[in-house]
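Please read the structure below before turning to the comments.
These numbers come from the heavy atoms of this one structure, side chains and all, not from hydrogens, waters or symmetry mates. Numbered from 1 within each chain, the chains take letters A, B, ... in sequence-line order.
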Number of protein chains: 2
Amino acid sequence: MNAPVLSNIKCGECPIRHRAVCSRCEGAELDILEKIKVYRSFKAGEQILWRGEAMDFVASVVSGVATLGKTLEDGRTQMVGLLLPSDFIGRPGRERVEFDVIAASDVTLCCFDRKPFENLLLVTPHLSERLVEIALDELDAARDWMLLLGRKTAREKIATFLDMLIRRSSLEEETAQNDALTLPLSREEIANYLGLTLETVSRQLSALKSQGIIQFKDRRNFEVLNPQALCDLSGDDSAN
Amino acid sequence: MNAPVLSNIKCGECPIRHRAVCSRCEGAELDILEKIKVYRSFKAGEQILWRGEAMDFVASVVSGVATLGKTLEDGRTQMVGLLLPSDFIGRPGRERVEFDVIAASDVTLCCFDRKPFENLLLVTPHLSERLVEIALDELDAARDWMLLLGRKTAREKIATFLDMLIRRSSLEEETAQNDALTLPLSREEIANYLGLTLETVSRQLSALKSQGIIQFKDRRNFEVLNPQALCDLSGDDSAN
DNA sequence: GCGTTTCCTTGATCTGGGTCAAGTTTGACC
DNA sequence: GGTCAAACTTGACCCAGATCAAGGAAACGC
C-alpha cells in the first residue's frame, strides 16, 4: 500500500480538528502529534487495508469517504461501517484489521505509525479519553445499524440512510444549505451498507422520487423536498 | 438451571474474576472494588434497565443471561447484544442506556454505583485498560453480527448461533463435555437475536435435527452430533 | 465525434422467510 | 392427578425483496 504523501496541513488549520481523535489536545500534545503525523492519499476504489493484514498505522479521515466491509466465503458482502471526515481507523492493542477498508471516493488520511501512537496514548489522557468516546459512539452506531439490518423494511432502510446523511451534513456545515446533498456511495455500495441488492436500492430511490420526497439533480446529487416524511418513513421512535 | 441467591462473594473467589472488568486488578485496587460492590439478583423476565432511563450503576454479569434490545415504534424488536457471565453493562460518560436490558434467566449482577466507579476509572489504569478492551471486543462482535443480520440466510444464522454457543461453552468450562449444550434463550428470543421469526427458528432447528446434526434432549437442552457440519453451514470464512 | 465501459433503471419472475392458523408438548399451580 | 397457559411445532399460503434480464445514460479513452 504505497500512497502519495500530501504536504501536511498545520494541525491548527485542520478541518477536522474539532471532532477527530486529537480534538482534546492542545499545545505540547498537539506539537508531538504534528511531528509524527503523515498525510496519505488514496484514489477512489483503492483498497486501504486488507482484512487480516497487520495494521502498521492508525489514522483519521481528513477528507473523502471510506468503507469497512466484511465478506462471506461465497462473496456476499456487508458493509459494517462508513468512515467520514474526522472518523478514526485502527485500534490500540489490535494487531490486525478485522475487515477490508476501501476508499469510496478519493481519500486523504492523517496517519500515525501505530507503535509511537500507542505509546503516546499511554501518557496522554486527552487522547485516550477521546478514543474511548469514539469507540463507544461507534458501538452505539453499530447497534442502531443492527436494528436496521435485522428488522427494517427496504423502504425504512433507505429512509434511515438518507436521514443519516441529512443529520451528518447539518452537523458538518454551519452553512444552512437548502437540503442539497450528495450520495457518498454508489447504488451497489448503498446496497451493501443496507443489506439489500442494488436493484432494490434503485427502486426505492425511484419510489421516493415519484412521491415527491426527494429530487435528483444527477445520479449522486439530490435535494430533500420533505425531510419530515423521510424521518417518518425511517420507522424509528419519533423521540429522535 | 439453579438460581443462586448470592450474598457477596469475596472477589478472590469470584467465578468471573479472570475475565470481568476487574481482571487486571490486584491487592489495594481489588480491596476498593470489594468495598463498593453490591450484588443484585433479577428473576427471569425481569427488566433490568429501560431504554432512555438514567443509569445509576454499572455492573458485571456474575451468573445468568441478559439481553440488550432495541424496539421500533411499531413493536418490532431486535436484540443487539447478549450478556453472559463476565460481560459488562454500562459505559463511563454515558448518562442513559440506549436499549432495554432484560434478564433472560435468573441473573446475578455485581454492581458498582456509577459515580464512584467513574472516579475509580480515572485513577486505576488497570480498570480502564480492561474496559477499553471489553468495548472493542463488543464492537468486533457487533460487526460480525451486522454481517449475519444483513447477509446470512436463516440456516446460516441458526448455524452461526449454535456454533457461537459451542465456542463460548468450550471457553468457559475446562471440563471436556460431550458437546451437550443449553439454549440460553427461548425460540422467540433467538428469533429477535437473529432477525427472524420464532416459526423460522423452530423450522430450522427441526431441519438440523432431521439432518442428524443436532439432537434434542428437551426444549432447551441438546447435543451437537456434528460440530463440523454446523461450522460449514455458518457461511463464515473457514479461516475461523 | 464514437465506441466502450461502468453505473443505473425498469420490468418479469421466483422464492425464502414471513404471516396466519391449527395443533402439541410442557410445566406450573391448584 | 387435572386444568390451564405458555412455549413450541407444523402446515398452508403469501409477499417483499432477490434474481434474471434488457435497456438507457453518463463518463472515459481515443
Side-chain angles (χ1 to χ4, degrees), chain A residues 43-46 67 72 74-78 102 104-106 148-161 182-211 214-222 233 235, chain B residues 1 3 43-45 72 74-78 102 104-106 148-161 182-211 214-222 233 235:
Chain A
K43 286 275 156 210
E46 215 176 321
T67 64
L72 293 174
D74 65 357
R76 282 169 288 170
T77 78
Q78 174 66 48
I102 297 176
S105 67
D106 291 352
L148 174 142
L149 292 173
R151 293 301 184 200
K152 288 190 180 180
T153 64
R155 172 61 55 91
E156 289 168 336
K157 286 176 174 181
I158 294 284
T160 305
F161 176 64
T182 301
L183 292 175
L185 303 174
S186 70
R187 301 292 185 273
E188 184 175 20
E189 288 168 326
I190 295 172
N192 285 337
Y193 196 29
L194 300 176
L196 297 169
T197 58
L198 69 95
E199 293 94 330
T200 299
V201 170
S202 182
R203 275 188 253 270
Q204 292 298 336
L205 287 175
S206 297
L208 289 177
K209 193 172 59 183
S210 70
Q211 286 183 261
I214 59 175
Q215 189 169 49
F216 277 88
K217 194 167 148 280
D218 61 35
R219 282 174 176 184
R220 290 292 187 104
N221 293 289
F222 66 103
L233 285 173
Chain B
M1 271 216 165
K43 287 273 154 210
L72 293 173
D74 65 358
R76 283 169 286 171
T77 77
Q78 173 65 49
I102 297 176
S105 67
D106 290 352
L148 174 141
L149 292 173
R151 292 302 184 200
K152 287 191 181 180
T153 64
R155 172 61 53 90
E156 289 168 336
K157 286 175 174 182
I158 293 284
T160 305
F161 177 64
T182 301
L183 292 175
L185 303 173
S186 70
R187 302 291 185 271
E188 183 174 20
E189 288 168 326
I190 295 172
N192 285 337
Y193 195 29
L194 299 176
L196 298 169
T197 58
L198 68 94
E199 292 95 330
T200 299
V201 170
S202 182
R203 274 189 256 268
Q204 292 298 336
L205 287 175
S206 296
L208 289 176
K209 193 173 60 183
S210 69
Q211 285 182 257
I214 59 176
Q215 189 167 49
F216 277 89
K217 195 166 149 279
D218 61 35
R219 282 173 175 183
R220 289 292 187 105
N221 294 289
F222 66 103
L233 284 173

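- Contact annotation: the side chain of B:Gln204 approaches that of B:Thr200 to within less than 4.5 Å [non-hydrogen atoms, C-beta and beyond].
- Between the side chain of A:Arg187 and the backbone N or O of A:Arg219 there is at least one donor-acceptor pair closer than 3.5 Å.
- Both A:Gln204 and B:Lys209 lie near DNA chain D, and the one whose nearest nucleotide falls closer to the 5' end is B:Lys209.
- Within residues 185-197 of chain A, the residues approaching DNA chain D are A:Gly195, A:Leu196, A:Thr197, by heavy-atom distance under 4.0 Å.
- The nearest whole Å value for the distance from the CZ atom in A:Phe216 to the P atom in C:dT9 is 7 Å.
- Note: CG (B:Leu198) to C1' (C:dA22) measures 14 Å, nearest angstrom.
- Candidate nucleotides C:dC8, D:dG17, C:dG18 were compared by shortest atom distance to the side chain of B:Thr200, and C:dG18 ranks first.
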What are the atom names and distances for every N/O pair under 3.5 Å that joins the protein to nucleotides 23-30 of chain C?
from   : atom 1 : to       : atom 2 : distance (Å)
C:dT25 : O2     : B:Arg219 : NH2    : 2.7

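- Put simply, CG on B:Asp74 is 15 Å from P on C:dG18, counting in whole angstrom units.
- Taking atom CZ of A:Arg76 as the reference point, atom C1' of C:dG16 lies 13 Å away to the nearest angstrom.
- B:Arg151 places no side-chain N or O within donor-acceptor distance of the main-chain N or O of A:Arg76, the cut-off being under 3.5 Å.
- For the pair B:Asn192 (side chain) and B:Gln78 (backbone), a donor-acceptor distance under 3.5 Å is absent.
- Rounded to a whole Å, the CZ atom of A:Arg220 is 12 Å from the C1' atom of C:dT6.
- Heavy atoms only, all atoms of each residue included: B:Asp218 and B:Arg220 are closest at OD1-N, 2.9 Å.
- In terms of position on DNA chain C, the residue among B:Arg203 and A:Arg203 whose nearest nucleotide sits closer to the 5' end is A:Arg203.
- Considering OG of A:Ser105 and NZ of A:Lys43, their distance stands at 10.5 Å, rounded to 0.5 Å.
- The two residues A:Lys157 and A:Leu194 have their closest heavy-atom pair at NZ-O, 3.0 Å.
- Side-chain atoms of A:Arg203 never come within 3.5 Å of backbone atoms of A:Leu198 as a donor-acceptor pair (strictly under, hydrogens ignored).
- If you check every strand for non-hydrogen atoms under 4.0 Å, B:Ser206 touches sugar and phosphate atoms only.
- The distance between atom CG of A:Asn221 and atom P of C:dC8, rounded to the nearest whole Å, is 12 Å.
- Positionally, the nearest nucleotide of DNA chain D for A:Thr153 lies more toward the 5' end than for the other of A:Thr153 and A:Glu199.
- Residue A:Lys152 contributes atom NZ, which lies 17 Å from atom C1' of D:dA16 at whole-angstrom precision.
- Remark: side-chain polar atoms of B:Glu156 are not paired, donor with acceptor, to backbone N or O of B:Leu233 under 3.5 angstrom.
- The separation between B:Ile214 atom CD1 and D:dT9 atom C1' is 14 Å, rounded to whole Å.
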